[in-house]
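Chain letters run A, B, ... following the sequence lines, proteins first and then strands; every chain starts at 1.
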Amino acid sequence: GDSVTQMEGPVTLSEEAFLTINCTYTATGYPSLFWYVQYPGEGLQLLLKATKADDKGSNKGFEATYRKETTSFHLEKGSVQVSDSAVYFCALSDRVTNAGKSTFGDGTTLTVKP
Amino acid sequence: DTEVTQTPKHLVMGMTNKKSLKCEQHMGHRAMYWYKQKAKKPPELMFVYSYEKLSINESVPSRFSPECPNSSLLNLHLHALQPEDSALYLCASSQVGMKNTEAFFGQGTRLTVV
């Protein structure tokens with residue numbers, strides 16, 4: 001079955017540091033890939049997505065590129081802020097073959113210190 | 001309108017109570033989902049409705065009873081819950097059968113069973 005593996009956290013960075021959160025996946029079909037962010041006490045918000053190989057998703061300074069050859073979708077940001085502190089989930093879905101299921105990684109908790 | 005609205009935001013219930021969680025979206029999505037999320041864990045899929053019909057039940061105990069009265073509403077009826085059912089319950093919606101589409105999540109209902 002489909003699976004997503006994220007780098008283990010927690011990750012603690014100083015403000016303006018570079019962020020990378022690794023994500024690799026296993027899928028039988030041709031999934032779409034997503035990064036969701038969850039702030040404390042809230043639901044999940046879509047951060048960015050990519051729907052096919054070599055697509056780059058970007059939003060709010062975050063970027064991730066769909067790499068089919070390495071089955072990866074690593075999240076990066078050049079300069080993090082305190083407000084980026086949250087839990088980040090990598091996810092995949094193939095709604096055509098998987099009847100609407102999304103598969104999530106375990107999440108990575110990011111704390112940014114001033 | 002790109003919101004999924006869940007009510008109530010917080011719920012405390014006894015093990016003999018009956019309560020319901022409600023979810024509403026007006027994006028024209030015909031797939032709706034219930035997820036359960038424990039602290040520091042990814043969301044776990046419970047149910048999927050497609051065109052108002054239950055399409056996936058992930059072996060959820062019968063004390064959880066979903067209902068989709070129309071294309072905009074999704075309910076989760078709760079009865080005789082256990083303390084281990086305490087969690088954040090997330091509703092989500094998406095388009096049906098389209099690969100390149102993300103799920104939109106509500107803010108969740110934080111349920112405490114006492």
Measuring heavy-atom distances to chain A, does B/Gln6 have an atom under 4.5 Å in its side chain, in its backbone, in both, or in neither?
-> neither
Structural part of B/Glu58 lying under 4.5 Å from a heavy atom of chain A | side chain
Do A/Asp55 and A/Thr65 have side-chain heavy atoms sitting under 4.5 Å apart?
-> no
Considering only heavy atoms from C-beta outward, does the side chain of B/Phe104 approach that of B/Met27 to under 4.5 Å?
-> yes
Mind checking which of residues 67-89 of chain B sit less than 4.5 Å from chain A, heavy atom to heavy atom?
-> B/Leu88
Flag the pair B/Glu52 and B/Arg30 as a salt bridge only when some basic side-chain nitrogen lies within less than 4.0 angstrom of an acidic carboxylate oxygen.
-> yes
Inspect the contact between B/Glu102 and A/Lys49 and indicate whether a charged nitrogen and a carboxylate oxygen are less than 4.0 angstrom apart.
-> yes
Looking at A/Gly43, A/Ala50, A/Gly9, which has the largest count of heavy-atom pairs under 4.5 Å with chain B?
-> A/Gly43
Of the backbone (N, CA, C, O) and the side chain (C-beta and beyond), which part of A/Gln45 lies under 4.5 Å from a heavy atom of chain B, both, or neither?
-> neither
Okay, A/Leu44 and chain B: the region with an atom under 4.5 Å from a heavy atom over there is both
Begin from the C-alpha positions of A/Leu46 and A/Phe34 and carry the test side chain to side chain contact (heavy atoms under 4.5 Å, CB included) through to its verdict.
-> CA-CA 7 Å; A/Leu46 179 69; A/Phe34 308 92; 3.7 Å; yes
For A/Phe89 and B/Lys41, which heavy atoms make the closest approach, and how far apart are they?
-> CZ-O, 3.7 Å
Please report the closest heavy-atom contact between B/Trp34 and B/Cys91, naming both atoms and the distance.
-> CZ3-CB, 3.7 Å
Do any of residues 104-114 of chain A come closer than 4.5 Å to chain B, heavy atom to heavy atom, and if so which ones, in number order?
-> A/Phe104, A/Gly105, A/Asp106
Residue pairs involving residues 75-88 of chain A (criterion side-chain hydrogen bond (donor to acceptor under 3.5 Å, both in side chains); sequence neighbours excluded) = A/Lys77-A/Asp84
Hey, can you tell me if A/Tyr66 and A/Tyr25 have their rings parallel, tilted or perpendicular (30° and 60° cut-offs)?
-> perpendicular
A/Asn59 (side chain) donor-acceptor with A/Phe62 (main chain) under 3.5 angstrom | no
Roughly how far, to the nearest 0.5 Å, is the CG atom of B/Leu90 from the CE atom of B/Met46?
-> 10.5 Å
Please table the atom pairs, donor to acceptor, closer than 3.5 Å between any side-chain atom in residues 105-114 of chain B and protein atoms at least two apart or in another chain.
unit_1, atom_1, unit_2, atom_2, d
B/Thr109, OG1, B/Pro8, O, 2.5

